[in-house]
2 protein chains.
Amino acid sequence: MPKISRPRSCTRCPYQYKYLNLLGNENISSIQNNCMIIHFKRGENIIKQGTDVTHAFYLAQGLVSLFIEGEKRNLILKIKKAGDYIGLQTLFGDLKYRYSVSALEDSMVCMIKSGIFLETSKKNPDFLFEIMRGISLSYNYMYKKIKDINCKQLRGRMADVLLYFSEELYHSKSFEVPMTRKEMAQFASMSMENAVRILSEYKKEGIITVEGRKITILEEEILKRISELG
Amino acid sequence: MPKISRPRSCTRCPYQYKYLNLLGNENISSIQNNCMIIHFKRGENIIKQGTDVTHAFYLAQGLVSLFIEGEKRNLILKIKKAGDYIGLQTLFGDLKYRYSVSALEDSMVCMIKSGIFLETSKKNPDFLFEIMRGISLSYNYMYKKIKDINCKQLRGRMADVLLYFSEELYHSKSFEVPMTRKEMAQFASMSMENAVRILSEYKKEGIITVEGRKITILEEEILKRISELG
DNA sequence: TATAAACATTGATACATATCAATATTATAT
DNA sequence: ATATAATATTGATATGTATCAATGTTTATA
């Protein structure tokens, strides 16, 4: 069960709540008064595909995955980390969620009622503008993701996943993957068995080392070439 | 070669330029002064993947396809019709296009310099707000598209394409597809040969009739079931 | 601590889909 | 009008990838 609390002071937010500095004090307190802080444990559902869009989310701490639930399989589109907003891209459409979000690590999330968020952003063009920038960037990410799914094959997609962890998320050639093999497979859009198989191949080929969830990239250049060639 | 001209009066735009009514006269004339009207012929490129984002587009007349160019194949993500904006989803990120847009029919496009568009929208929250709504909706469409690609197989995806033409674009069970078989294949994310094959199958099964580009849906319910079952 | 449940691994097999090939048809250009 | 290229069609084949099955390993639970 998620633990719920209320923020003490959003003005002095210790989690660097983004773009809040662009708002006046009155707007910040309006957000604060309509904000809930919720703690999720690994595996818990933050957004459930098919439900109404009611809140904007800010991931103060933790790590979550955004994924589409399909009949046959899920597809993890994106990992969101501390400091990221969640759900802004579809906040303005007044619709139902087309994706789910769940916690990969214990996470702390600020939920702001969508109405308040919309009002505030309407009153503060600079704020809204930054939101739009974020949406544009995330759109570009989506295009890349679709392109990769459409063009690359298994080895290329798994290389992308490994490089994402190494370069984007952990900034290290050695890291502990924050998910199960099944989730890695969903992130790379393939079956779990093939995900395992390809990791084993890379291991045999001396490109990476694998010990459970601990992975080290030995031959980054080769991995990048595999990613580029697809 | 695209033919270029300038708008006479955007205030009395005959093409129902969306949300312009939310702007004051001074803003409209600012847009008008920074707007070019361009005529594209079928097949011509409106936006080229990889180039800089410099303009917002409004499709006054015609029909265009938005697609991702891949090494092996292209993927048509969306058809845009008269009255649609193009390129807003990534206008605010100040980046390069991750997709291409080309004319399926002879089209007339208004190009507004991105800077002007951004300025105007910053000064007019209501306008910006409507833009955001559009982006949210189009995001939802993307999620659906990705889900379909990820989950459905050939027959289901081709059913989707046919139903899209019938229900969304032409509002008729009988229509002339605005593209080649190859493009239909790219729209349904499959090889051209399989696109043709599946159309032939549907024909043999009495679900549709096909004469060149002219297609008539005979058994809509069956097609819908194929689409749902994937 | 025992026992079940979830997760991970590897090989064998089945299947969906792309690719190749041959040919017909239509559109475009000289 | 004729040549040439683009488009469309169908069947045969190759290939990538999922699925199935068996087994080992780790994690959660009673």
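Here is the naming used below: chain letters follow the sequence lines, and residue numbers restart at 1 for every chain. These numbers come from the heavy atoms of this one structure, side chains and all, not from hydrogens, waters or symmetry mates.
- A:Arg157 contributes no side-chain N or O that, together with a main-chain N or O of A:Met190, makes up a donor-acceptor pair within less than 3.5 Å.
- Salt bridge absent: A:Glu71 and B:Lys152 never bring a charged side-chain N and a carboxylate O closer than 4.0 Å.
- If you measure from atom OH of B:Tyr202 to atom P of D:dA8, you get 18 Å, rounded to the nearest angstrom.
- Across all strands shown, A:Met192 has heavy atoms under 4.0 Å from base atoms, whether or not it also approaches the sugar-phosphate.
- The interatomic distance linking A:Arg157 (CZ) with D:dG16 (P) rounds to 13 Å, in whole Å.
- Residue order along DNA chain C, read from the 5' end via each residue's closest nucleotide, puts A:Glu193 first among B:Gln153 and A:Glu193.
- One atom, CD1 of B:Ile198, and another, C1' of D:dT10, lie 14 Å apart when rounded to the nearest Å.
- Rounded to an integer number of Å, the gap from CZ of A:Arg73 to C1' of C:dA16 is 11 Å.
- Summarising the geometry, the separation between CZ on B:Arg213 and P on C:dA27 is reported as 9 Å, rounded to the nearest angstrom.
- Taking side-chain N and O atoms only, B:Asn194 has a distance below 4.0 Å to OP1 or OP2 of C:dA18.
- Distance, B:Arg42 CZ to D:dA6 P: 14 Å, rounded to whole Å.
- Rounded to an integer number of Å, the gap from A:Gln186 CD to D:dA18 P is 12 Å.
- Applying the 4.0 Å criterion to OP1 and OP2 of C:dT9, one finds that A:Arg181 has a side-chain N or O inside that range.
- Residue-to-nucleotide contacts include a donor-acceptor pair under 3.5 Å from the side chain of A:Arg197 to the base of C:dG11.
- Atoms CZ and CG, from A:Arg155 and A:Leu223 in turn, are 9.0 Å apart once rounded to the nearest 0.5 Å.
- Comparing D:dA18, C:dT17, C:dT9 by their closest approach to the side chain of A:Val196 singles out C:dT9.
- Aromatic pair A:Phe187/A:Tyr164: ring centres closer than 6.0 Å.
- Among the protein residues, B:Thr180 comes within range of the sugar-phosphate backbone only, with heavy atoms under 4.0 Å from sugar or phosphate atoms but none that close to a base.
- The separation between A:Met184 atom CE and C:dA8 atom P is 10 Å, rounded to whole Å.
- Using the six-membered ring where Trp is involved, A:Phe57 and A:His55 have ring planes that are tilted, between 30° and 60° apart.
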